[in-house]
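Only one structure is covered here, and it is reproduced in the block below.
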Amino acid sequence: MSFIPGQPVTAVVQRIEICKLRQGEHLILGFSIGGGIDQDPGQNPFSEDKSDKGIYVTRVTPGGPAEVAGLMMGDKVMQVNGWDMTMVTHDQARKRLTKKNEDIVRLLVTRKSLEQAVRHSMM
């Protein structure tokens, strides 16, 4: 997703619903995140221009709840249960994802392949 200052940002998103796996007192999502407004965007391997401070999926556990739901490594998390995730710290994102009283996490994500498919279909 490219960003031009002063222009509206558009993104092709996909809804993903993850049912947390309960293991004792722990709720397992089956993925890890990286990024956040408090992190160095130059270290983000998924940012095209190395200035994106968004929250990205950095690992998906094979066979885990996130993989079963269709989440992929490199997905950019735009929302978690209706909460905007585009301008949050890494810790704020982690807390939104791991709330104990939520058995289901509803995500809006964008990924390069979604944007490419839409562009290709418009040609």
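Owing to the predicted nature of the structure, the values given are computational and were not obtained by experimental measurement.
With sequence neighbours excluded, the residues satisfying side-chain hydrogen bond (donor to acceptor under 3.5 Å, both in side chains) with Glu102 are Asn81. Residues satisfying the side-chain contact (heavy atoms from CB on, under 4.5 Å) test with Thr98, not counting sequence neighbours, are Arg94. Under the rule for a side-chain hydrogen bond (donor to acceptor under 3.5 Å, both in side chains), the partners of Gln92 that lie at least two apart in sequence or sit in another chain are Thr89. In this view, Lys99 satisfies the side-chain hydrogen bond (donor to acceptor under 3.5 Å, both in side chains) rule with no residue, not counting sequence neighbours.
At a threshold of 4.5 Å between side-chain heavy atoms, the hydrophobic network of Ile, Leu, Val, Met, Phe, Trp and Tyr places Ile55 and Ile16 in one connected group. Tyr56 and Val80 are members of different hydrophobic clusters when ILVMFWY side chains are connected at heavy-atom separations under 4.5 Å.
In this structure, Leu108 CG and Trp83 CH2 are separated by 15.0 Å, a value rounded to the nearest 0.5 Å.
Taking every heavy atom of both residues into account, Val60 and Met72 meet most closely at CG2-C, 3.9 Å. The two atoms that bring Gly63 and Val68 nearest to each other are O-CG2, 3.9 Å, heavy atoms only. Nearest approach of Asp84 to Val88, heavy atoms of both residues: O-CG1, 3.7 Å. Shortest non-hydrogen contact noted between Lys76 and Asp52 is NZ-OD2, 3.0 Å.
Between Met78 and Thr86 there is a side-chain heavy-atom pair separated by less than 4.5 Å. Within the 4.5 Å cutoff, the side chain of Val13 has no heavy atoms near those of the Gln79 side chain. Side-chain contact between Asp75 and Leu107: absent, with no pair of heavy atoms (C-beta onward) separated by less than 4.5 Å. Val105 has its side chain within reach of Lys20: a pair of non-hydrogen atoms, C-beta onward, lies under 4.5 Å apart.
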Donor-acceptor pairs under 3.5 Å, side chain of residues 24-44 to any protein atom, not counting sequence neighbours: which ones?
from, atom 1, to, atom 2, distance (Å)
Ser32, OG, Arg59, NE, 3.3
Ser32, OG, Arg59, NH2, 3.0
Asp38, OD1, His90, N, 3.0
Asp40, OD1, Gly42, N, 2.9
Asn44, OD1, Phe46, N, 2.7
Asn44, OD1, Ser47, N, 3.4

